[in-house]
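I'd like to ask some things about the structure below.
Start at 1 with the first residue, then count along the sequence.
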Amino acid sequence: VCNKSLPGVNWNSSFAKCGVVPEVQIFNTGDMNNQLAMVTSPEFLRESKSIVIQCKQMKGFPLPSVRWGSSTKGSNVVNVVTTSNTSAVYQRSQGNTIQELVFVEFRKEFEGSYTCFAVNVVGSHNMSFQILLEVVPDPPTKLMVEDDGATSVKIKWEQPQFDGRNSIIGYD
C-alpha cells in the first residue's frame with residue numbers, strides 16, 4: 001500500500017510503483033584516514049594528492065542507481081567516470097549506498113565539475129561540486145619592518161595580487 005501523502009513519497013503511475021525519490025550527499029574522505037567532511041564548492045586540491053570523494057545515498061526506494069559524472073572546464077558535456085581502477089580517476093562502489101570518486105593523483109587536467117547522480121523509477125537527484133587545483137599564491141608585497149625590538153621584530157606587508165584562488169591564512 002502506498003501512502004501518497006507522506007513527505008518524499010511519489011506515485012509514478014507510468015511504472016505503477018510507489019517509492020521515495022533518491023537523495024544524495026557528497027563527502028570528502030581526505031586521504032582515507034580523515035573523518036568525512038561535507039564537500040564545499042569549489043574544493044581545492046593539491047597536485048599529486050590522492051583523494052576519495054564519497055557520494056552517499058541518503059534516501060530512495062527502490063534502491064537507486066548511483067553514478068559519478070564529470071565535465072571539464074569550459075564544457076557542458078557530462079562524461080560518466082570510468083569504473084576501471086587502472087585509470088587516474090575512477091569510481092568504485094562501497095556497498096549499496098556509497099559510490100566513491102577516486103583520484104589516484106590529482107592533476108590540473110582533472111579540474112572541473114563533478115556530479116553524483118542517483119536515479120530510481122520514482123525520480124532522480126544529483127549533487128555537483130567543482131574541483132580546482134590549489135595554486136601557490138604570489139609572495140606578499142611591500143614588506144616592511146614596523147618595529148625592531150631587542151628580542152623581536154614586527155613585520156608588515158600587503159596581500160599579493162594573486163591569492164592562488166584561495167584565502168591566504170598565513171605564510172611559512
Side-chain angles (χ1 to χ4, degrees), residues 1-135 164-167 169:
V1 175
C2 180
N3 185 346
K4 294 180 239 177
S5 64
L6 291 174
V9 174
N10 287 355
W11 174 257
N12 188 326
S13 58
S14 63
F15 291 99
K17 299 272 185 186
C18 177
V20 178
V21 175
E23 182 180 313
V24 293
Q25 289 185 349
I26 300 173
F27 298 90
N28 181 346
T29 63
D31 61 5
M32 298 299 287
N33 295 321
N34 297 340
Q35 290 185 331
L36 291 176
M38 284 291 289
V39 168
T40 58
S41 193
E43 185 84 359
F44 290 94
L45 300 179
R46 291 192 176 133
E47 193 165 28
S48 295
K49 180 173 172 50
S50 297
I51 192 143
V52 177
I53 308 289
Q54 285 188 344
C55 179
K56 284 190 163 191
Q57 174 209 332
M58 303 311 282
K59 65 180 180 179
F61 180 79
L63 196 64
S65 169
V66 180
R67 292 286 173 256
W68 280 101
S70 71
S71 59
T72 54
K73 255 175 138 174
S75 171
N76 291 329
V77 177
V78 175
N79 301 304
V80 174
V81 176
T82 184
T83 55
S84 169
N85 65 1
T86 60
S87 179
V89 180
Y90 65 95
Q91 62 179 314
R92 67 180 177 208
S93 295
Q94 295 294 330
N96 289 331
T97 61
I98 297 174
Q99 190 71 13
E100 293 182 329
L101 178 63
V102 180
F103 294 92
V104 177
E105 286 185 32
F106 189 77
R107 300 187 299 260
K108 181 145 182 72
E109 68 241 37
F110 301 138
E111 283 188 333
S113 180
Y114 290 83
T115 304
C116 179
F117 299 94
V119 179
N120 67 12
V121 295
V122 183
S124 65
H125 182 247
N126 67 64
M127 206 169 180
S128 298
F129 67 100
Q130 184 181 23
I131 294 181
L132 297 173
L133 181 65
E134 188 174 83
V135 182
R165 301 189 300 203
N166 210 345
S167 299
I169 56 172

Do the non-hydrogen side-chain atoms of Tyr114 and Leu101 ever get within less than 4.5 Å of each other?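 They are in contact (side-chain heavy atoms under 4.5 Å apart), so the answer is yes.
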Side-chain touch Gln57/Leu63, heavy atoms, less than 4.5 angstrom: yes
Backbone N or O of Val81 within a donor-acceptor pair of the Gln91 side chain at under 3.5 Å?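 Side chain of Gln91 to backbone of Val81, a donor-acceptor pair under 3.5 Å: yes, one is there.
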So Pro62 and Val122, do their side chains get closer than 4.5 Å, heavy atoms only?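 Yes. Closest side-chain heavy atoms under 4.5 Å.
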For Ser124 versus Val119, what's the shortest heavy-atom pair and its separation? CB-CG2, 3.9 Å
Please check if the side chain of Trp68 supplies one atom and the backbone of Gln99 the other of a donor-acceptor pair under 3.5 Å.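 Yes, the answer is positive, given that a donor and an acceptor are paired below the 3.5 Å cut-off.
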Rounded to the nearest 0.5 Å, how far apart are NE2 of His125 and CD of Glu23? 5.5 Å
Mind checking the OG1-CZ spacing from Thr115 to Arg67? Nearest 0.5 Å is all I need.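 So the OG1 of Thr115 and the CZ of Arg67 are separated by 15.0 Å.
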How many angstroms lie between atom CD1 of Ile131 and atom CZ of Phe103, to the nearest 0.5 angstrom?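 Taking CD1 in Ile131 and CZ in Phe103, the distance rounds to 3.5 Å.
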Heavy-atom closest pair, residues Thr82 and Ser84: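 For Thr82 and Ser84, the tightest heavy-atom pair comes out as OG1-N, 3.1 Å.
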State, yes or no, whether a side-chain contact exists between Val66 and Cys116 at a heavy-atom distance under 4.5 Å.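 Answer yes - side chains close enough.
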Would you compute the distance between atom CG of Leu132 and atom CD of Glu111 and round it to the nearest 0.5 angstrom?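 That separation rounds to 5.0 Å.
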